[in-house]
Amino acid sequence: MEDAYARSVAEVLDFFGVDPNKGLSDSQVVLNAKIHGKNVLPEEKRTPFWKLVLKQFDDLLVKILIAAAIVSFILALVNGETGLTAFLEPFVILLILAANAAVGVITETNAERALEELRAYQADIATVLRNGCFSILPATDLVPGDIVEVCVGSKVPADMRMIEMLSDQLRVDQAILTGESFSVEKELKSTTAINAVYQDKTNILFSGTVVVAGRARAVVVGVGANTAMGSIRDSMLQTDDEATPLKKKLDEFGTFLAKVIAGICVLVWIVNIGHFHDPSHGGFLRGAIHYFKIAVALAVAAIPEGLPAVVTTCLALGTKRMARLNAIVRSLPSVETLGCTTVICSDKTGTLTTNMMSVSKICVVHSFHHHPMIAEYNVSGTTYAPEGIIFDSSGIQLEFPAQLPCLLHVAMCSALCNESVLQYNPEKGNYEKIGESTEVALRALAEKVGIPGFDSMPSALHVLSKHERASYCNHYWENQFKKVSILEFSRDRKMMSVLCSRKQTEIMFSKGAPESIISRCSNILCNDDGSTVPLSAAIRDEIESRFHSFAGKETLRCLALAMKQMPMGLQSLSFDDEKDLTFIGLVGMLDPPREEVRNAMLSCMTAGIRVIVVTGDNKSTAESLCRKIGAFDHLEDFVGCSYTASEFEELPALQQTLALQRMALFTRVEPAHKRMLVEALQNQNEVVAMTGDGVNDAPALKKADIGIAMGSGTAVAKSASDMVLADDNFASIVAAVAEGRAIYNNTKQFIRYMISSNIGEVVCIFVAAVLGIPDTLAPVQLLWVNLVTDGLPATAIGFNKQDSDVMKAKPRKVNEAVVNGWLFFRYLVIGAYVGLATVAGFVWWFVYSDSGPKLPYNELMNFDSCSTRETTYPCSIFEDKHPSTVSMTVLVVVEMFNALNNLSENQSLFVIPPWSNLWLVGSIILTMMFHMLILYVHPLSVLFSVTPLSWAEWTVVLYLSFPV
């Protein structure tokens with residue numbers, strides 16, 4: 001039943017054909033279960049493991065590599081090669097790809113858990129009326145039409161329409177669904193609101209929310225996927241993961257590289273068609289195959305095999321650094337997405353605020369005779385912790401607040417007229433509430449006021465353990481006074497009272513809505529001497545004007561406290577006793593903003609990032625909080641920058657677009673609106689980060705470019721997110737953004753480094769093929785250079801320090817290329833030099849080296865016809881391993897010098913010296929040690945077809961390498 005909230009109780013019961021005194025019959029239960037199914041969120045179709053694995057290979061560069069591996073394997077077989085050398089290259093390529101895929105699969109499987117955890121919010125059992133009697137059943141057996149009873153502490157088992165109140169009121173905490181900071185009062189009458197949002201449906205109990213006060217009966221109107229929780233699950237399913245900006249850029253770059261490679265390979269093959277007939281190949285076909293092998297070698301040379309692995313490693317290092325900043329990254333690529341975030345949509349309750357009600361103001365009557373008449377006090381402390389200081393209106397700290405009569409009675413009344421519990425949780429290391437948050441705020445206030453008669457009171461309390469300290473003063477008052485009778489809160493009176501006796505005196509303490517309490521008061525307690533005097537019209541007006549300023553301008557939630565001496569021996573209270581009260585004081589409380597939020601917001605603005613506050617709370621509360629934070633001081637007022645969800649939906653499309661560009665505050669939202677906001681911003685090409693902690697935030701967290709969940713939030717929100725803030729602190733997001741930008745800069749640096757070295761290899765093979773000299777490098781040598789000698793320094797470049805002004809720049813454009821035209825030209829120049837130096841080393845050995853054959857250059861050009869001519873040297877000289885070893889060593893050493901060029905994009909080595917990144921220096925030393933290893937250790941040198949070099953050869957290598 002979709003519109004149960006708009007129908008009367010009788011209509012809803014009629015619709016399901018159920019008698020509210022008997023419940024459903026067995027036959028009706030069976031029938032309804034057939035139609036509507038079980039009350040569970042249906043299981044997901046999970047992505048099969050093989051699909052996840054295949055998905056990791058869905059990348060152009062990876063596909064080219066696989067093709068190269070297969071081709072080189074087939075060619076090896078065709079040429080009749082056997083043993084290790086034939087299989088080495090394909091094997092190494094596949095090994096790298098497998099490692100890369102493993103990292104990807106692990107990250108993906110974590111994401112699937114999000115939907116599993118939604119089930120944790122479903123209640124386990126329910127008290128159900130069937131066939132005229134109540135029984136306790138598993139919540140999964142509920143069907144629409146069932147009559148269910150709920151009471152304090154029970155989790156609502158399905159979406160239900162209220163049909164009967166069994167107490168004065170019923171209050172439900174639905175923060176996980178709507179993000180409202182206060183519990184919500186439920187009622188029986190139908191809702192008339194048009195386009196009602198969850199907050200308007202005051203007669204519906206939503207599945208997964210918790211009852212915090214009262215008892216009631218309700219009829220089930222939605223089960224399983226047809227509940228508010230179910231609709232959240234559906235919208236999480238509809239959300240496809242977007243590719244991150246870096247992934248898109250790398251894909252584009254890969255496509256570009258693939259085209260260039262294909263072009264060059266074909267070109268090399270065509271240039272050498274004339275050589276296919278050379279006798280050394282033994283026939284045209286063999287010649288074609290030989291040059292096809294060279295083309296394959298080219299492909300292997302041009303693709304940075306190490307790139308996927310190095311990007312993954314760099315992001316993983318970034319996540320480690322972020323974890324130290326309390327930002328725990330769940331999906332690797334999102335690290336870098338943070339760097340180009342342009343809008344942060346921040347949840348209000350729990351992210352910008354502490355989500356712990358606390359009393360911030362107290363107003364009492366100071367004196368009847370002297371001015372000033374009214375005294376105001378400010379209370380510090382933003383959590384439930386019993387730590388905080390009370391200041392007077394001029395900002396001076398009160399040493400012993402409990403010595404002032406009104407504050408003493410405020411503490412008594414707060415402790416006694418209270419049904420909640422405040423306790424310390426040693427596992428989480430924080431103070432927790434059971435019951436209404438407003439009542440817990442009063443418990444904390446009683447702790448801050450302290451107890452009278454101890455001169456060393458505040459310091460004496462510090463000696464206690466946290467467990468004892470949590471409610472020490474509250475317990476003191478509860479031991480001093482014995483509770484005799486309670487008048488529960490009711491909606492018409494808007495107050496509650498409790499009768500207490502102490503040493504033969506009976507006192508009634510009352511608390512409630514200020515308008516109810518003040519109208520019932522005839523006396524006031526004075527704070528200067530503790531006397532009780534009649535309440536005059538002037539004082540009443542003064543108190544009321546303070547109340548309006550608390551509730552209006554400062555949007556505090558206000559309660560008034562009062563007391564009354566009762567006749568001795570009275571055992572019970574009646575409503576008639578609640579008159580002629582003595583006014584004690586007025587307290588104002590709020591969900592306080594976190595202290596560090598203001599500076600974090602300001603640094604967002606400097607970094608060109610807009611913050612939009614999104615909340616389920618009402619507009620005035622949210623606007624006042626934004627003013628308190630101080631981050632919106634640049635807005636004169638909130639006109640045109642603050643919208644409720646329904647106001648925004650009513651705007652025509654064009655005005656919605658304009659409103660989005662100025663919006664700073666979005667209120668009265670439900671889950672679907674958050675997701676709509678994210679989508680609308682993404683359509684304007686914004687990169688959106690969304691923060692949230694409730695189940696209601698999950699769809700938006702999943703939809704956003706980067707979803708950020710709170711550490712104290714629900715498991716569902718955490719699993720739908722890309723990143724979790726361990727300390728729930730908005731300021732950590734800002735630190736993480738800076739880290740994300742630094743990571744992107746480093747990623748750019750090492751991609752450029754790897755590309756310039758690959759260009760060098762391509763130039764080297766291309767030039768050798770065009771000149772017609774023997775192959776300078778074997779495919780397996782190229783692989784070694786690409787993986788080990790480029791991979792290590794490239795990874796170390798990921799450790800470059802952040803630039804000092806990283807948070808002063810505007811976010812980079814999402815479509816900014818990793819390598820743009822000018823840079824590509826710079827790398828072509830460096831790459832060309834690297835390639836020519838490598839060829840030069842090869843030619844030098846044949847033509848000039850003392851240990852070489854000292855051939856004339858044209859003999860080297862015509863090497864392939866050697867076997868058919870009379871020569872002064874043996875043809876086996878072209879099989880010598882020295883020249884290719886010199887070439888490979890030149891390539892490696894050039895790369896090491898080139899790595900030092902990449903410490904910063906625009907600053908020279910004199911500004912940023914090599915030791916600013918010791919990892920890089922270390923990786924260069926390690927790489928050179930590896931290289932020495934394959935040169936001078938026998939089995940390895942055979943595998944890589946290299947040979948030890950003499951000192952003379954090393955000198956030439958250094959001469960050729962240094963200029964880069």
Side-chain angles (χ1 to χ4, degrees), residues 107 110-111 113-114 117 176 179 232 236 239 241-242 244-246 315 318-319 321-355 594 596-597 600-601 603-604 607 609-615 631 666 669 671 674-675 677-679 681-682 686-741 743-744 807 811:
T107 335
N110 292 345
R113 294 196 197 131
E117 279 152 351
I176 64 160
I232 289 181
M236 277 170 78
T239 311
D241 293 340
E242 295 278 318
T244 65
L246 180 66
L315 294 176
T319 57
R321 284 200 294 256
M322 285 184 164
R324 288 192 209 118
L325 303 169
N326 287 317
I328 295 152
V329 177
R330 294 186 62 257
S331 99
L332 279 182
S334 63
V335 175
E336 168 280 332
T337 315
L338 265 175
C340 51
T341 302
T342 54
V343 179
I344 297 177
C345 296
S346 175
D347 190 40
K348 175 184 81 76
T349 312
T351 310
L352 299 179
T353 65
T354 59
N355 197 13
R594 291 174 179 271
E596 50 293 291
V597 164
M601 286 227 177
S603 46
C604 279
I609 301 171
R610 197 154 60 102
V611 180
I612 300 179
V613 178
V614 182
T615 175
F666 196 40
V669 295
K674 292 190 178 182
R675 193 174 153 199
L677 176 68
V678 171
E679 272 178 5
L681 287 165
Q682 284 173 335
E686 304 277 11
V687 177
V688 187
M690 174 89 198
T691 70
D693 55 355
V695 174
N696 58 330
D697 300 322
L701 288 174
K702 210 161 177 241
K703 179 70 190 152
D705 296 286
I706 177 157
I708 305 172
M710 299 299 128
S712 64
T714 54
V716 187
K718 286 185 206 167
S719 334
S721 67
D722 302 297
M723 190 171 107
V724 179
L725 293 185
D727 57 354
D728 289 12
N729 193 335
F730 185 80
S732 304
I733 300 179
V734 181
V737 168
E739 190 57 53
R741 290 182 172 193
I743 288 172
Y744 176 75
M807 280 303 274

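Below, all heavy atoms of this structure are taken into account, side chains as well, without hydrogens, waters or symmetry copies.
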Student: With sequence neighbours excluded, what pairs up with Glu596 under the salt bridge (charged side-chain N to carboxylate O under 4.0 Å, His left out) test?
Tutor: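 Not a single residue meets the salt bridge (charged side-chain N to carboxylate O under 4.0 Å, His left out) criterion with Glu596.
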Student: Nearest heavy-atom pair of Asp697 and Gly692: which atoms, and what distance?
Tutor: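 So the minimum-distance heavy-atom pair works out to OD2-CA, 3.1 Å.
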Student: Do Cys345 and Leu681 have side-chain heavy atoms sitting under 4.5 Å apart?
Tutor: yes
Student: Does the pair Met690 and Leu677 meet the rule for a side-chain contact (heavy atoms from CB on, under 4.5 Å), with working shown?
Tutor: CA-CA 10 Å; Met690 174 89 198; Leu677 176 68; 5.7 Å; no
Student: I need the full list of salt bridge (Lys or Arg N to Asp or Glu O under 4.0 Å) pairs touching residues 337-350, with sequence neighbours left out, sorted by first then second residue.
Tutor: Asp347-Lys674, Lys348-Asp617
Student: With Ile733 as reference, evaluate Val611, Thr691, Ile609 under the side chain to side chain contact (heavy atoms under 4.5 Å, CB included) test and give the passing residue.
Tutor: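 Looking at Val611, Thr691, Ile609, the match for Ile733 under the side chain to side chain contact (heavy atoms under 4.5 Å, CB included) is Thr691.
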Student: Holding to side-chain hydrogen bond (donor to acceptor under 3.5 Å, both in side chains), I want the full list of residues that pass it with Arg610, two or more places apart in sequence or in another chain.
Tutor: none
Student: For Thr353, check side-chain hydrogen bond (donor to acceptor under 3.5 Å, both in side chains) against everything at least two apart and list the hits.
Tutor: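 Per chain and number, Thr353 pairs via side-chain hydrogen bond (donor to acceptor under 3.5 Å, both in side chains) with Asp591.
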Student: I would like to know whether Ser346 and Phe730 meet side-chain contact (heavy atoms from CB on, under 4.5 Å); could you show each step before the answer?
Tutor: CA-CA 8 Å; Ser346 175; Phe730 185 80; 3.8 Å; yes
Student: Can you tell if the side chain of Thr341 reaches within under 4.5 Å of the side chain of Pro811, non-hydrogen atoms only?
Tutor: no
Student: How far does CD1 of Ile706 sit from CG of Asp722, to the nearest 0.5 angstrom?
Tutor: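 These two atoms lie 5.5 Å from each other.
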Student: Find the distance between CG (Asp705) and OG1 (Thr342) and round it off to the nearest 0.5 Å.
Tutor: 8.0 Å
Student: Identify the two heavy atoms, one from Cys604 and one from Ile344, that lie closest to each other, and give their separation to 0.1 Å.
Tutor: SG-CD1, 4.0 Å
Student: Please enumerate all residues that pass side-chain hydrogen bond (donor to acceptor under 3.5 Å, both in side chains) together with Ser732, with sequence neighbours excluded.
Tutor: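 Partners of Ser732 under the side-chain hydrogen bond (donor to acceptor under 3.5 Å, both in side chains) test: Asp727.
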Student: Working note: Ile708 + Leu725, criterion side-chain contact (heavy atoms from CB on, under 4.5 Å); need CA distance, chi angles, decisive distance, verdict.
Tutor: CA-CA 7 Å; Ile708 305 172; Leu725 293 185; 3.6 Å; yes
Student: Between Ala709 and Leu701, what is the shortest heavy-atom contact and its length?
Tutor: CB-CD1, 4.4 Å
Student: Using every non-hydrogen atom in the two residues, find where Met723 and Ala736 come nearest and quote the distance to one decimal.
Tutor: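 Shortest heavy-atom contact: CE-CB, 3.9 Å.
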Student: Could you tell me which residues satisfy salt bridge (charged side-chain N to carboxylate O under 4.0 Å, His left out) with Arg321, sequence neighbours excluded, listed by chain and number?
Tutor: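 Salt bridge (charged side-chain N to carboxylate O under 4.0 Å, His left out) check on Arg321 returns Glu739.
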